[in-house]
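Okay, so here's the structure we're looking at.
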Amino acid sequence: MINDKTAINSLKSYVNNAQRVVIVPHNNPDGDALGAALALCNVLKNMQKEAVVVSPNAFPDFLMWMHGADQVVIFERNRKKAKHLVEDADLVLLVDFNALSRMKNMQNIFNGVDTPRIMIDHHPYPEAETAQIQISVPEASSTCELLYNVLDAAGFSRYITKEAAECIYSGIMTDTGALNYNSGRPETYLTVAELLRMGIDKDRIHHMIFHNNSFDRMRLLGHALGEKMVLIPELKAAYIYLSSEDLQKFNFKPGDTEGFVNQALWIEGVDVSALFTEKDDLVKISFRSRGDFPVNKFSEKCFNGGGHLNAAGGESRLPLNETLERFQTKLKAFRSDL
Ligand code: 5GP
Ligand code: MN
């Protein structure tokens, strides 16, 4: 999976020589970003380093069970501490993103800080200024799968505990929808096999991540599918739109809409889906596609975002109804240019 021996050797020597390491997942961390960050933190602590995860903002409750999650420093809640940790670190590891902008406001605390940064990520098109050392493997199902292989290649696999292995497994499962998509490479299963050998409790993880929903979330899903989903057959598209009132009505908590966008893609004849969620100052958008429709390009061009070919995100500063109109217009134009 990783044929960049130079990058692995650099990572090895940076890690061996570092004492204080800060690990950063992207804003709105998902299972893959948080899983990779916590696994890495655990491994580094086993190597007798002072390691800490600093996240740009909070993560969903359904990831709270992960080992070390209670010790994550949240930049949005504790800016001073986050800044101090970054300034004091002798190494920074960035996981599951490849552009500094994905840290949102937290990127500012890196201004004027020349601590070396290493990026471990599986998104296409890394930006050069993200990190001096870039371990970028877009074929990987998830950053967690990549991380396992990086640790192995660097000779650090003996430091992977069962707890770290559980975090790694969670990232692979969340990014592939429990091996539903993005999981056709045999190597992914070899990695999963190794994690199982380390004694992870697979059934418990699936329960904690996928089968442990609040009653409110299940009802929000019902509302989204029943009342707030729109099919546009001529554009082979379907979308779900949730206003702040919808969210309030069902006591929305971060992570509650996770996976909704996939369901809109499960409609016959649809190859692009979107989820629009109204936040305080913007509309957050998730895109999914099947086949070769590039939602990352579409989002980059029209909604200030990016991601993978079949899974991307973006945002809009227009009101929700105007955002929906713009989506239709832009999708029509984008389709005709394909
Ligand atoms: P999700 O829809 O699950 O939030 O994100 C899907 C994919 O798109 C993930 O790989 C995520 O990292 C990426 N993504 C989500 N939001 C953004 C964004 O605002 N900008 C970019 N560049 N990528 C995003
Ligand atoms: Mn990922």
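Order of appearance sets the numbers: ligands from 1, and atoms from 1 within every ligand. Sequence positions, counted from 1, serve as the residue numbers for this chain.
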Between Asp271 and Arg290, does at least one N-O distance fall below 4.0 Å, as a salt bridge requires?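 Here Asp271 does not pair with Arg290 in a salt bridge, since their nearest N and O are not under 4.0 Å apart.
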
Should the pair Lys253-Asp61 be classified as a salt bridge under the 4.0 Å nitrogen-to-oxygen rule?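 Salt bridge flag = no for Asp61 with Lys253.
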
Considering residues, nucleotides and ligands other than [X], do more than 12 of their heavy atoms fall under 6.0 Å from its [atom1]?
| X | atom1 | answer |
| --- | --- | --- |
| Arg204 | CZ | yes |
| Arg185 | CZ | yes |
| Asn180 | CG | yes |

Hydrophobic cluster partners of Phe303 (side-chain heavy atoms under 4.5 Å):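 Val230, Ile232, Leu235, Tyr239, Tyr241, Val272, Phe276, Val283, Ile285, Phe287, Phe293, Val295, Phe298, Leu320, Leu324, Phe327, Leu331, Phe334, Leu338, all in the cluster of Phe303.
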
Tyr181 and His308 aromatic centres sub-6.0 Å: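 When the ring centroids of Tyr181 and His308 are compared, they turn out to be at least 6.0 Å apart.
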
Given the side-chain rings of Phe97 and His123, with only the six-membered ring counted for Trp, is the space between their centroids under 6.0 Å?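 That pair fails the under 6.0 Å test.
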
The Mn ion (ligand 2): protein N, O or S atoms [distance under 2.8 Å]: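 Listed by chain and number, the nearby protein N, O or S atoms are Asp32 OD2, Asp96 OD1, His122 NE2, Asp175 OD2.
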
With Asn9 via side chain to side chain contact (heavy atoms under 4.5 Å, CB included) - residues at least two apart: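 Side chain to side chain contact (heavy atoms under 4.5 Å, CB included) list for Asn9, sorted by chain: Lys12.
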
Could you pull out the N/O contacts under 3.5 angstrom between ligand 1 and the surrounding protein atoms?
from     : atom 1 : to     : atom 2 : distance (Å)
ligand 1 : 2 (O)  : Ser286 : OG     : 2.6
ligand 1 : 2 (O)  : Arg288 : NH1    : 3.0
ligand 1 : 2 (O)  : Arg288 : NH2    : 3.4
ligand 1 : 3 (O)  : Arg288 : NH2    : 2.9
ligand 1 : 8 (O)  : Gly313 : N      : 3.3
ligand 1 : 10 (O) : His123 : NE2    : 2.8
ligand 1 : 10 (O) : His308 : NE2    : 3.2
ligand 1 : 12 (O) : Arg102 : NH1    : 2.8
ligand 1 : 12 (O) : His123 : NE2    : 3.1
ligand 1 : 16 (N) : Lys284 : NZ     : 3.0
ligand 1 : 22 (N) : Gly306 : N      : 3.3
ligand 1 : 23 (N) : Gly306 : O      : 2.9

